2 protein chains.
Amino acid sequence: MLIPEQDHSDIWNDQLSIPVLALDIVILTIYKGELCVIIVKTTEWKHQWFALPGGIVSRWYTLEENFDSILERKTGITGVYKEQLYTFWDKIDRDPRSHVIAVSYYALVGIDNFLSKVDFTKVDIVTFPQMQKLRMFYDHAEIAEYARIRLKGKLWYTNIVKELLPKKFRISQMQEMYEIILDRKLDKRNFQKKIFSIGVIKDTGEKDRSTNRPAKLYQFINKRVRVVDML
Amino acid sequence: MLIPEQDHSDIWNDQLSIPVLALDIVILTIYKGELCVIIVKTTEWKHQWFALPGGIVSRWYTLEENFDSILERKTGITGVYKEQLYTFWDKIDRDPRSHVIAVSYYALVGIDNFLSKVDFTKVDIVTFPQMQKLRMFYDHAEIAEYARIRLKGKLWYTNIVKELLPKKFRISQMQEMYEIILDRKLDKRNFQKKIFSIGVIKDTGEKDRSTNRPAKLYQFINKRVRVVDML
DNA sequence: ACAAAAGTGTTCCCCTTACACCCATGT
DNA sequence: ACATGGGTGTAAGGGGAACACTTTTGT
């Protein structure tokens, strides 16, 4: 169910005693061997900005429902793994129209899922170095950085990387994800030893014949993201 | 500066399209050898509840200023270490008067600081087991649990425990804090070896003569809480 | 003298890291 | 046959965990 865009014209009222709550989403995916963020263009407030997909939180729905609604309306993407990041309000004039507090989330999307659902008329995909050169709305670049750090941290004690991999994958693909996110090379033998000793993935019995020498295909044992002492 | 209690009568309006933002604080301290939480009594909404100190966030101040104001008005405590925990909105009817989203913080107070500032006509101090038997407002017991888990986690890679200790302390006092928070015994020699090897505390040259055999007094080298790979 | 807490080293084991060669296939 | 990525074991070193006795003071 897609929540329709709400009318929030009542809130741009200087007399209102409470702040407006916004929700911003850092969508992360691995694309062409790099960790990327999804951004939207906005021409609000005169200048053109790049921004994280976001919107005003409506009172009539839960945070989760608001999240799903904003994500789908702004990007076309549905059904992703998400996690709350932080609630920001450093600058009282974060949004020139009002006092806005922003709850931020990050979301992980596997690239196949991403490409099949996303509406590229609405969004752009950029690497982190590219993003840092753009004119990002307020603190959105920092929020994205914060998401990257959280993802990095979670690699060490959860099976979160499953959200970025296809259902069945080669162990080398998994290692590649780790290397991209951690931004350093890992030793092939030590990586495999570790992953196998934890027992989070299992051999499907199938082979990927797209490489030179056929490679075993694995899948995650647990459907859900959970704490597992990965590295 | 203490922000005066704000008039929020305008927000209990069924037509308002945005949620109300509240701020709840889990104040943790170590008292009589146990990790304790500060709670307040509230008789709002007919029944008597115990609740975390909290209040409505005012638009005219930053989150930090709102935090300080709520903390001081509800408990009398000022100048504590604080950290944002999470922003909750699981249940759409969390607060019967409206749709309320709660940003939660936890705060650490050394017991001396606490006792000198707190107003016991306004608050109670309870251990976690005691709290779990009380009729806590909505999800406040879970929020407090969440704070405890975060604190436990931070012990391992920050010098956060400094916020609970006096300026100068015996190494055995420091170990006791760790044991209380982690809820298990630690080996004395291994603990000291570890703490000294990290180099986060230094000998003051003074002695504590209140114990039988006088003990060296230490202090933290860094004034601020920071990441240091503690345990 | 006795009680109470402070102070102090060594050993063992496991986990992490570093490291190099052969294998199965496609071209 | 050659190029490409897949697959595999071992040795050395460092860090964590276990463990007990002596010292200094107060009473």
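Within every chain, numbering begins at 1; the chains are lettered A, B, ... in the order of the sequence lines, protein sequences first and strands thereafter. Quick caveat, the model's predicted, so the values are computed rather than measured.
One interatomic measurement links the two molecules: CD1 of Ile195(A) to C1' of dT8(D), which rounds to 17 Å at whole-angstrom precision. As a whole-Å value, the separation of Ile171(A) CD1 from dT8(D) C1' is 13 Å.
Annotation for Ile39(B) and Phe50(B): closest pair CD1-CD2, 3.6 Å, computed over non-hydrogen atoms. For the pair Asp187(A) and Gln175(A), the tightest heavy-atom approach, listed with the atom from each and the gap, is C-NE2, 4.0 Å.
A ring-centre distance under 6.0 Å is found for Phe220(A) and Phe169(A).
A 4.0 Å heavy-atom criterion places the boundary nucleotides of DNA chain C facing chain A at dT16(C) to dG26(C), written 5' to 3'.
A donor-acceptor pair under 3.5 Å is absent between the side-chain atoms of Lys162(B) and the main chain of Ile221(B), judged by distance alone. With His140(A) contributing its side chain and Ala51(A) its backbone, the two residues share no donor-acceptor pair below 3.5 Å. Without hydrogens or angle criteria, Thr158(A) side chain to Val225(A) main chain gives no donor-acceptor distance under 3.5 Å. With Gln84(A) contributing its side chain and Thr87(B) its backbone, the two residues share a donor-acceptor pair below 3.5 Å. With Asn222(A) contributing its side chain and Val200(A) its backbone, the two residues share no donor-acceptor pair below 3.5 Å.
Note: Tyr106(B) and Tyr81(B) have perpendicular aromatic rings, judged against thresholds of 30 and 60 degrees for the angle between ring planes.
The shortest distance between side-chain heavy atoms of Ile171(B) and Phe196(B) falls below 4.5 Å.
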Q. What string of B, S and - do you get for nucleotides 19-27 of chain D, 5' to 3', if B is base contact, S is sugar-phosphate-only contact and - is no contact with any protein heavy atom under 4.0 Å?
A. BB--BBBS-
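Within residues 172-186 of chain B, no residue places a heavy atom under 4.0 Å from DNA chain D.
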